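When reading the values below, keep in mind they use all heavy atoms of this one structure, side chains included, and skip hydrogens, waters and symmetry mates. These numbers were taken from a predicted model, which means no experiment stands behind them.
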Amino acid sequence: RIAPFEFDEKRGAIGIFYDISQIERLENVRQEFLSNISHELRTPLTSILAFVETLEDGAIEDEENNLRFLNVIRRNAERMHHLINDILELSSIESGKITIEPKKSNLSNLVEEVFTNLSNKAVEKHVRLVNEVPKDATVYADAVRLEQMLTNLIDNAVKFNREDGSVTVSHKT
């Protein structure tokens with residue numbers, strides 16, 4: 001921005017410059033994020049629509065495959081649901097509206113809950129889930145947030161594991 005000014009009967013101009021490189025970098029990150037999210041949402045949505053169309057075109061009568069198709073639709077809808085929840089969580093974190101409520105929690109029970117929720121994925125991938133956390137192990141944490149973190153970590157460990165592998169959760173004091 002440049003503005004004219006006069007001082008002691010001399011005319012001049014003053015210029016103010018802003019470094020927008022950080023803003024441009026953030027805008028690029030935002031655009032890349034939106035592009036990735038769009039792709040991540042579009043992929044399961046495309047699958048859902050394709051299988052619904054297949055069922056509508058007569059596959060609903062195919063008892064051999066109709067439940068398999070519905071299972072694919074459900075898994076993709078759950079995937080979209082998780083993505084949307086992650087986006088909402090990120091938005092809450094960025095806006096400072098997230099609250100942390102730490103309290104004493106049984107870690108072994110939390111791990112078992114996560115294992116129960118991810119057991120179908122583990123069975124599909126032939127991955128064994130092992131809980132080595134002592135039954136009396138407690139932690140002082142926000143149980144909801146800790147469960148989210150454990151779910152993300154264990155889910156990734158299952159997803160990127162080898163067949164007949166294992167995922168072990170342990171606790172050291």
Can you tell me if D19 and S21 form a side-chain donor-acceptor pair at under 3.5 Å? yes

Short N-O contact, E40 and R79, less than 4.0 angstrom: yes

Between S91 (side chain only) and I87 (backbone N and O only), is there a donor and an acceptor less than 3.5 Å apart? no

Between N66 and I60 the two heavy atoms that sit nearest each other are ND2-O, 2.8 Å

Test E6 against K10 for salt bridge (charged side-chain N to carboxylate O under 4.0 Å, His left out), laying out the working first. CA-CA 5 Å; E6 202 171 300; K10 292 183 182 177; over 6 Å; no

Look at the side-chain heavy atoms of Ile, Leu, Val, Met, Phe, Trp and Tyr, link any pair under 4.5 Å apart, and say whether V158 and M149 land in one connected group. yes

Which pair of non-hydrogen atoms, one from E132 and one from T168, has the smallest distance, and what is that distance? CD-CG2, 3.5 Å

Report, as yes or no, whether the 6.0 Å neighbourhood of atom CZ on F5 holds more than 12 heavy atoms from other residues, nucleotides or ligands. yes

Cluster question for you: counting only ILVMFWY and a side-chain heavy-atom cut-off of under 4.5 Å, with indirect links fine, are V144 and I100 together? no

May I have the step-by-step check of side chain to side chain contact (heavy atoms under 4.5 Å, CB included) for V167 and V127, ending in yes or no? CA-CA 7 Å; V167 175; V127 172; 3.8 Å; yes

Show, in sequence, the C-alpha distance, side-chain angles and deciding distance for E89 and R145, and conclude whether the side chain to side chain contact (heavy atoms under 4.5 Å, CB included) test is met. CA-CA 10 Å; E89 183 80 11; R145 305 286 176 234; 2.8 Å; yes

Tightest non-hydrogen contact, residues V72 and F51, listed as CG1-CE1, 3.4 Å

Are I37 and I84 connected in the hydrophobic side-chain network, where two residues link if heavy atoms are under 4.5 Å apart? yes

Following the transitive rule for hydrophobic clusters with a side-chain heavy-atom cut-off under 4.5 Å over Ile, Leu, Val, Met, Phe, Trp and Tyr, establish whether L83 and L153 coincide in one cluster. no

Would you please say whether a donor-acceptor pair under 3.5 Å links the side chains of N106 and T138? no

K103 backbone acceptor or donor facing D142 side chain under 3.5 Å: no

Nearest atoms (heavy-atom pairs only) where K125 meets K159: NZ-O, 3.1 Å

Do other residues, nucleotides or ligands put more than 12 heavy atoms under 6.0 Å from the CD atom of Q31? yes

Test E147 against N117 for side chain to side chain contact (heavy atoms under 4.5 Å, CB included), laying out the working first. CA-CA 11 Å; E147 185 176 346; N117 292 338; 3.9 Å; yes

Correct closest heavy-atom pair for I48 and A77 would be CD1-N, 3.5 Å

Heavy-atom count around R42 CZ within 6.0 Å, excluding the residue itself: above 12? no

Contacts of A141 meeting side-chain contact (heavy atoms from CB on, under 4.5 Å) (sequence neighbours excluded), chain-then-number -> V139, L146

Do V111 and V130 belong to the same hydrophobic cluster, where Ile, Leu, Val, Met, Phe, Trp and Tyr are linked whenever their side-chain heavy atoms lie under 4.5 Å apart, directly or via other members? no

Neighbour count above 12 (heavy atom, 6.0 Å) for H171 NE2: yes

Minimal heavy-atom distance between A13 and I2, with the atoms involved, is CB-CG2, 4.0 Å

Is it the case that R68 and N71 place a side-chain donor and acceptor less than 3.5 Å from each other? no

Given the rule in the side chain to side chain contact (heavy atoms under 4.5 Å, CB included) test, do E53 and D57 qualify, once you have shown the distances and angles that lead to the verdict? CA-CA 6 Å; E53 187 177 308; D57 288 345; 3.8 Å; yes

N131 versus E112, side-chain donor and acceptor atoms under 3.5 Å: yes

side-chain contact (heavy atoms from CB on, under 4.5 Å) partners of R30, counting only residues at least two apart: E27, L34

